[in-house]
Amino acid sequence: MSDGAGIRTEDLPDDLTAAEVGMWQAFRNGSVYDLSSGDTVVDDPHGGHPWGEGRTVRARIVAWLLLDGPPALAGRVSSLKLAGVQISGTLELAGGTVVPYVELKRCRFEREVLLPEARFTTVRLVDCSVPRLEAARVHTEGDLHLPRCRFHNGVRLTDAHIGTDLLLNQAIVYRDRSGRSIAADGMTVGQDLQAELLESHGELSLRSANIGVSLSLRGARLVNPYTRLALNAPQLTVERTLYLTPAGVGGQSLSGTTPARGTRIQRFECQGGIRLDDGRFGDAVDLERARFSFTEDQELSLRRVQTPELRFLGERPQRGKVVLSGARVVNLVDRASAWPGPGNLHMGGFSYENLVPQGPFPLTERLDWVAAATAEYNPEPYERLAAVLRAGGEDEDAREVLLAKQRRRRETLPPAAKFWGYVQDWTVAYGYRPGRAAVWMAVLWAAGSLTFTHAAHPPVNDSGHPPWNPALFALDLLLPVIDLGQVGQWQLRGGWQWLAAAMIVLGWILATTVAAGATRLLRRN
């Protein structure tokens with residue numbers, strides 16, 4: 001006996017149900033086995049409508065087909081393609097090698113799926129309901145697709161090796177008993193990891209994971225009110241870009257590109273801490289319009305991160321901290337409104353080479369940015385900012401930054417040194433405004449010229465002295481090193497002598513300041 005597909009019924013196992021017989025035949029034929037009713041409400045795998053025995057196959061039979069299934073029909077390639085099917089029991093393929101292509105759409109698993117150390121070519125679970133996916137050290141030559149699936153007790157992909165792409169777009173994952181939604185520590189993905197519009201309830205753990213191209217969490221929503229971290233990814237390596245940016249909702253939601261103008265978008269949102277310490281990103285870390293909701297003890301931690309570009313363009317966190325200590329970037333693309341306030345920003349050892357502000361970011365606000373990162377005086381952030389401004393040709397702004405550094409330092413000094421600091425600031429702005437020193441010298445010269453016209457000035461020698469010239473005498477006092485032939489020719493007594501000494505001291509101070517400013521200018525030119 002044989003059926004219309006050319007399969008002899010005596011070749012089928014004896015204990016198969018009618019639904020399993022259809023699945024067995026579709027497997028040998030490589031065709032889709034669809035048990036959907038056509039009613040969208042009934043067919044929803046995440047809904048509560050029972051499907052019954054007519055749409056149910058046993059996990060044991062599915063495993064039999066995948067691990068040791070019958071040969072394909074002549075001219076066909078065997079594959080498991082199910083739609084609208086309920087799988088009862090635990091699907092266990094641990095340690096097995098699965099050659100056939102696997103694609104399950106809108107299916108419902110009654111119990112967990114166990115795939116640890118299994119090997120596949122390509123696996124696609126689309127819009128499926130899965131209690132838990134246990135796939136530590138799983139190996140796929142091609143893709144692992146899990147879009148729009150719901151996992152009620154987490155996903156484990158620890159040390160998994162995905163040959164090409166891992167897709168988690170629009171998946172909803174709830175935490176397991178350890179508090180993790182997705183545990184993927186040490187995972188390797190050959191190309192992209194796309195988790196756009198992902199909804200994660202618990203800790204998404206990607207410690208020491210390696211992504212061959214880009215990691216996209218566009219429009220994802222990470223929520224973890226249970227522990228400190230919603231995204232735990234220290235030592236993460238992404239060869240290109242990490243996207244924590246908006247995603248278009250609708251037809252372009254999974255495009256992997258920036259949503260077009262007019263498209264309804266969903267921002268990346270994180271309710272819980274983010275840890276990206278010691279991460280390496282080949283192109284950029286993009287936080288465009290990202291929204292963070294932290295408690296006081298949570299933070300966005302980018303300690304020792306290395307990337308050519310950091311796009312810090314999200315919303316300002318109302319609470320929690322942003323930590324960039326030891327991070328190294330080439331281009332810092334930022335917005336004034338994105339940075340947290342004083343006490344919530346830490347930038348010790350943060351190195352950047354270029355500033356690329358988006359929108360207005362005046363120097364006064366940039367100085368507030370540095371001050372916010374230094375609850376106690378630290379010269380390093382000021383010197384880094386000044387060096388970057390100077391390298392960009394903004395010499396005047398660089399001097400203002402260094403002047404702000406001196407003023408901040410002054411507040412840490414004892415009273416006497418603080419007073420002297422105020423004097424230096426008021427008179428010559430710590431030497432960063434040499435023009436002010438020149439003005440003071442001109443004022444002192446004019447005042448001295450007028451004052452010394454009334455001074456008694458007997459000559460040192462009765463013969464051979466030049467004519468008395470109070471203007472030249474005052475200038476000779478003010479100018480160090482240069483001898484104009486006046487000071488040594490006349491004698492001053494009493495208060496005039498003290499006035500002359502004071503002018504000599506002030507002349508040295510002001511002349512040194514002017515010379516230092518000119519030297520810095522020449523060195524930069």
Task: Among V126, V62, I87, D127, the one residue meeting side chain to side chain contact (heavy atoms under 4.5 Å, CB included) with L104 - done: I87
Open item on the list: Closer than 4.0 angstrom, basic N to acidic O: yes or no for E239 and R280?
Closed with: no
Task: Main-chain N/O of Q191 paired to D165 side chain as donor or acceptor, under 3.5 Å - done: no
Task: Any donor-acceptor N/O pair, T307 side chain to E309 backbone, under 3.5 Å - done: yes
- [ ] Answer yes or no: are there more than 12 heavy-atom neighbours, outside E53 itself, under 6.0 Å from its atom CD?
- [x] no
Task: R319 to F294, cation-pi by 6.0 Å centre distance and 45° axis angle - done: no
Task: N169 side-chain N/O to E196 backbone N/O, donor-acceptor pair under 3.5 Å - done: yes
Open item on the list: For R137 and T158, which I'm curious about, is there any donor-acceptor pair between the side chains at under 3.5 Å?
Closed with: no
- [ ] Look at the side chain of R119 and the backbone N and O of E117, then say whether any donor-acceptor pair between them is shorter than 3.5 Å.
- [x] no
- [ ] Check whether any side-chain N or O of R275 sits under 3.5 Å from a backbone N or O of A233 as a donor-acceptor pair, and report yes or no.
- [x] no
Determine all donor-acceptor pairs shorter than 3.5 Å in which one atom belongs to a side chain in residues 107-116; sequence neighbours excluded.
{"unit_1": "R108", "atom_1": "NE", "unit_2": "P45", "atom_2": "O", "d": "3.1"}
{"unit_1": "R108", "atom_1": "NH1", "unit_2": "H49", "atom_2": "O", "d": "3.0"}
{"unit_1": "R108", "atom_1": "NH2", "unit_2": "D44", "atom_2": "O", "d": "3.1"}
{"unit_1": "R108", "atom_1": "NH2", "unit_2": "G47", "atom_2": "O", "d": "3.3"}
{"unit_1": "R108", "atom_1": "NH2", "unit_2": "H49", "atom_2": "O", "d": "3.4"}
{"unit_1": "E110", "atom_1": "OE2", "unit_2": "Q86", "atom_2": "NE2", "d": "3.3"}

Open item on the list: Donor-acceptor check, side chain of R132 to backbone of N153, threshold 3.5 angstrom: yes or no?
Closed with: yes
Open item on the list: Counting neighbours of CZ on R408 that are heavy atoms of other residues, nucleotides or ligands and sit closer than 6.0 Å, is the number greater than 12?
Closed with: yes
Open item on the list: For D286 and T245, which I'm curious about, is there any donor-acceptor pair between the side chains at under 3.5 Å?
Closed with: no
Task: Salt bridge present between K405 and E383 (N-O < 4.0 angstrom) - done: yes
May I have the list of side-chain donor-acceptor pairs in residues 358-368 shorter than 3.5 Å, sequence neighbours left out?
{"unit_1": "R366", "atom_1": "NH1", "unit_2": "D334", "atom_2": "OD2", "d": "2.7"}
{"unit_1": "R366", "atom_1": "NH2", "unit_2": "D334", "atom_2": "OD1", "d": "3.3"}

Open item on the list: Using modelled atom types and a 3.5 Å cut-off, is there a donor and acceptor pairing between side-chain atoms of D143 and backbone atoms of H145?
Closed with: no
- [ ] Assess the side chains of H152 and S129: does a donor N or O sit below 3.5 Å from an acceptor N or O?
- [x] yes
Open item on the list: Using only atom types and a distance under 3.5 Å, with no angle test, would you say the side chain of T241 pairs donor to acceptor with the backbone of Y243?
Closed with: no
